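Structure, as structure tokens:
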Amino acid sequence: MVSRVIPVQAFDLVIFGGTGDLAQRKILPALYRRHCAGQLPDTARIIGAARAELSRRDYQSLVRAALQAGDISAGKDAAGGQVDSFLARINYLAIDATEAEGWQTLAQTLGRPTADRVRVFYFSVGPALFAPLAEQIWAHDLADDQTRIVVEKPFGHDLASAKALNRTLASHFDESQIYRIDHYLGKETVQNLMAIRFGNMLFEPLWNSQYVDHIQVTVAETVGVEGRASYYDKSGAMRDMVQNHLMQLLCLIAMEPPAKFDPDAVRDEKLKVIRALEPVEPHHIVRGQYALAQEGAGGDEDQSYRETVGDPRSSTESYVALKAHISNWRWAGTPFYLRTGKRLVARSSVINVFFKDAPHSIFGADAGRHANLLTIRLQPDEGITLKVTIKEPGPGGMRLIDVPLDMSFAQALGADIDDAPDAYERLITDVIRGNQTLFMRGDEVEAAWAWTDPIIAGWTSRGDVPKPYDSGSTGPGDADLLMRRDQRDWQGINP
Ligand code: NAP
């Protein structure tokens, strides 16, 4: 199978925070891979910007090192000379988002906006700089109505700050120019979730509370908060993961079919899901914070959460598990269990859709209970599995077993999947193309905060302290109890 690569139009991309971790690990390698795929026109220019006084050559060396630390060592430079031709596109300007200097040079470098050249400003800086950057771009007349801005997470700290940021951005840019990035939406399998739901006749008729028993969304990480401690301790898993990534996955699972795969049609449906979420009962949510690993458990025993953040009394959660309900005709009575945590036993992002048992078993009680399970794996090993019930082969009567109908993308699509764009590649090309379908709209973000804020306020008013859990475990025992009270178990973290 040969994937089609359609070049994007000419563009200038300014990466504010061009020397930062995200630029080095994700944005620049993503652009490099699209360069190697032949998707970037010769005239495309990339300009890194940050406060550090670097020459163009210094910055090119930094980019080269970033690519080397990434995947070019794994053979991505097969054509030879690709790195040099990529670096030839790269420029650098020293600019402080909060100072007046440097902006005139950027204006001269970019020239006047023209209709045949897309202009993108990527805000890969700390969130406190999002509003100042928007204001500087506007004050220095760097944008026209075709210009796009890409805003990283976190988008606000709560509803009030998200509204304030939306207001500031909206005073300089139209909503159609604002790309709030959530890289989970750029993942191949997440888009496949929509393809599976709306491209097949098989699933959609069953996709409701009559046939679905419950749904689990797990985003488990093995890493702790190292390197992000000061940001994370003010944020926590609810703000850092649930309010954005898990909510976005929930929306795509639960939304009604949009009339077409069009940015506003999709985002209208996602918004309806968030607005239909019921407030979460305090006993339907578990917070956890990682402690040291059990001796011999094989986990990272270096530091507990509190040691890493340097606060022995920190009550920030590194784990959340909750049961959510969507009050609408389709999902009334079907619980959605969401959980995410750091320093867990395995890295795994997975959605499990548990269908109900058949209403009557013609095979008798001995055949046991069997129900279909649709598993959508986001990472690792992106793919989809449907567990179906069949007869166990051989003589001995009608014994039933569950077998997976498995579609690992790597197996099904062979080498092509290795060349499939990763989330940042896809999302950046979508920005250049002007396609907002996989980006969050301002009202979605606000609605997500409106649901999240009371949960966090409840913890604060009750003086809630997260439950400790061992590093390298599956999380706090109370999260298992949350499920067992409903006669269910978590699935989705396999070491
Ligand atoms: P980082 O490593 O701390 O980099 C910050 C960048 O901003 C640096 O290039 C820094 O360079 C520049 N900067 C700081 N102050 C500036 C100013 N006043 N004017 C202009 N540039 C300034 O941060 P990061 O991890 O790359 O994260 C960037 C953004 O992406 C954050 O909003 C973060 O939440 C988000 N994000 C990051 C990740 C990730 O994996 N890293 C994942 C998702 C989202 P100078 O100090 O030289 O100015």
Side-chain angles (χ1 to χ4, degrees), residues 13-31 46-56 58-59 61-63 65-66 69-70 90-103 105-106 121-137 139-140 142 149-157 161-162 165 169 178-187 219 221-237 239-246 248 340 342 347 349 379 422-425 427-428 431 439-440 445:
L13 169 63
V14 181
I15 309 171
F16 292 109
T19 58
D21 176 68
L22 185 70
Q24 293 198 47
R25 281 193 311 107
K26 296 290 181 187
I27 303 170
L28 289 158
L31 287 161
I46 298 162
I47 300 165
R51 288 169 306 179
E53 292 291 342
L54 303 177
S55 66
R56 181 178 184 200
D58 293 338
Y59 187 61
S61 303
L62 180 146
V63 176
I90 304 262
N91 204 342
Y92 178 81
L93 293 174
I95 297 182
D96 186 329
T98 59
E99 303 286 340
E101 295 89 68
W103 291 94
T105 317
L106 179 60
F121 295 104
Y122 198 129
F123 295 4
S124 182
V125 290
L129 296 177
F130 296 162
L133 278 177
E135 274 154 9
Q136 293 277 26
I137 290 167
H140 293 91
L142 296 177
I149 58 168
V150 182
V151 186
E152 264 299 335
K153 78 167 216 187
F155 197 93
H157 186 73
S161 55
L165 181 54
L169 298 183
I178 304 170
Y179 290 72
R180 297 173 193 79
I181 202 162
D182 182 331
H183 69 275
Y184 271 64
L185 294 182
K187 287 181 186 288
V219 177
E221 299 177 285
T222 50
V223 293
V225 294
E226 308 78 16
R228 296 175 71 210
S230 64
Y231 154 74
Y232 195 92
D233 202 40
K234 292 187 213 79
S235 167
R239 290 187 171 97
D240 190 53
M241 296 297 289
V242 179
Q243 185 273 344
N244 39 52
H245 305 316
L246 276 85
Q248 287 295 318
T340 181
K342 293 196 171 294
R347 174 171 170 260
S349 298
Q379 65 188 20
D422 85 356
Y424 276 89
E425 291 173 60
L427 294 173
I428 292 169
V431 175
F439 295 83
M440 295 177 293
V445 179

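All ligand and atom numbering here is 1-based and tracks the order in the structure. Since the model is a prediction, treat every value here as computed from it, not as a measurement.
Atom 35 (C) of ligand 1 has Lys153 O, 3.3 Å as its closest protein atom, hydrogens excluded (heavy atom only). The protein non-hydrogen atom at the shortest distance from atom 31 (C) of ligand 1 is Val125 O, 3.2 Å. When only non-hydrogen protein atoms are considered, atom 20 (C) of ligand 1 lies nearest to Ile95 O, 3.3 Å. Of all protein heavy atoms, the one lying nearest to atom 27 (O) of ligand 1 is Leu22 CB, 4.2 Å. Looking from atom 43 (C) of ligand 1 to the surrounding protein, the closest heavy atom is Glu152 OE1, 3.8 Å.
Residues passing the ring pair (Phe, Tyr, Trp, His ring centres under 6.0 Å) test with His157: none are found, sequence neighbours excluded.
At a 4.0 Å heavy-atom cut-off, ligand 1 does not touch His183 at all. The side chain of Leu129, and not its backbone, has at least one atom closer than 4.0 Å to an atom of ligand 1 (non-hydrogen atoms only; side chain from C-beta on).
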For this session: Test side-chain contact (heavy atoms from CB on, under 4.5 Å) on Leu13 and Val431 and set out the steps.
Result: CA-CA 10 Å; Leu13 169 63; Val431 175; over 6 Å; no

Exercise. side-chain contact (heavy atoms from CB on, under 4.5 Å) between Ile181 and Tyr122: does it pass, once the steps are laid out?
Worked result: CA-CA 10 Å; Ile181 202 162; Tyr122 198 129; 3.5 Å; yes

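The shortest distance between side-chain heavy atoms of Tyr424 and Arg25 does not fall below 4.5 Å.
For atom 47 (O) of ligand 1, the nearest non-hydrogen atom from the set Ala128, Ala94, Ala52, Gly227 belongs to Ala52. The closest non-hydrogen atom to atom 46 (O) of ligand 1, taken over Glu99, Arg51, Lys26, comes from Arg51.
Closest approach of Thr222 and Arg347 over heavy atoms only: CG2-N, 3.4 Å. Nearest heavy atom pair, residue Gln24 against residue Thr19, reads NE2-O, 2.8 Å.
Using a 4.0 Å cut-off to heavy atoms of Pro154, the atoms of ligand 1 that qualify are 34 (O).
The aromatic rings of Trp103 and Phe16 sit tilted, their planes meeting at an angle between 30° and 60°.
There is no protein heavy atom less than 4.0 angstrom from atom 3 (O) of ligand 1.
For the side chain to side chain contact (heavy atoms under 4.5 Å, CB included) with Tyr59, the qualifying choice from Asn91, Leu93, Ile90 is Ile90, the only one to do so.
For the pair Arg25 and ligand 1, the shortest N or O to N or O distance falls below 3.5 Å.
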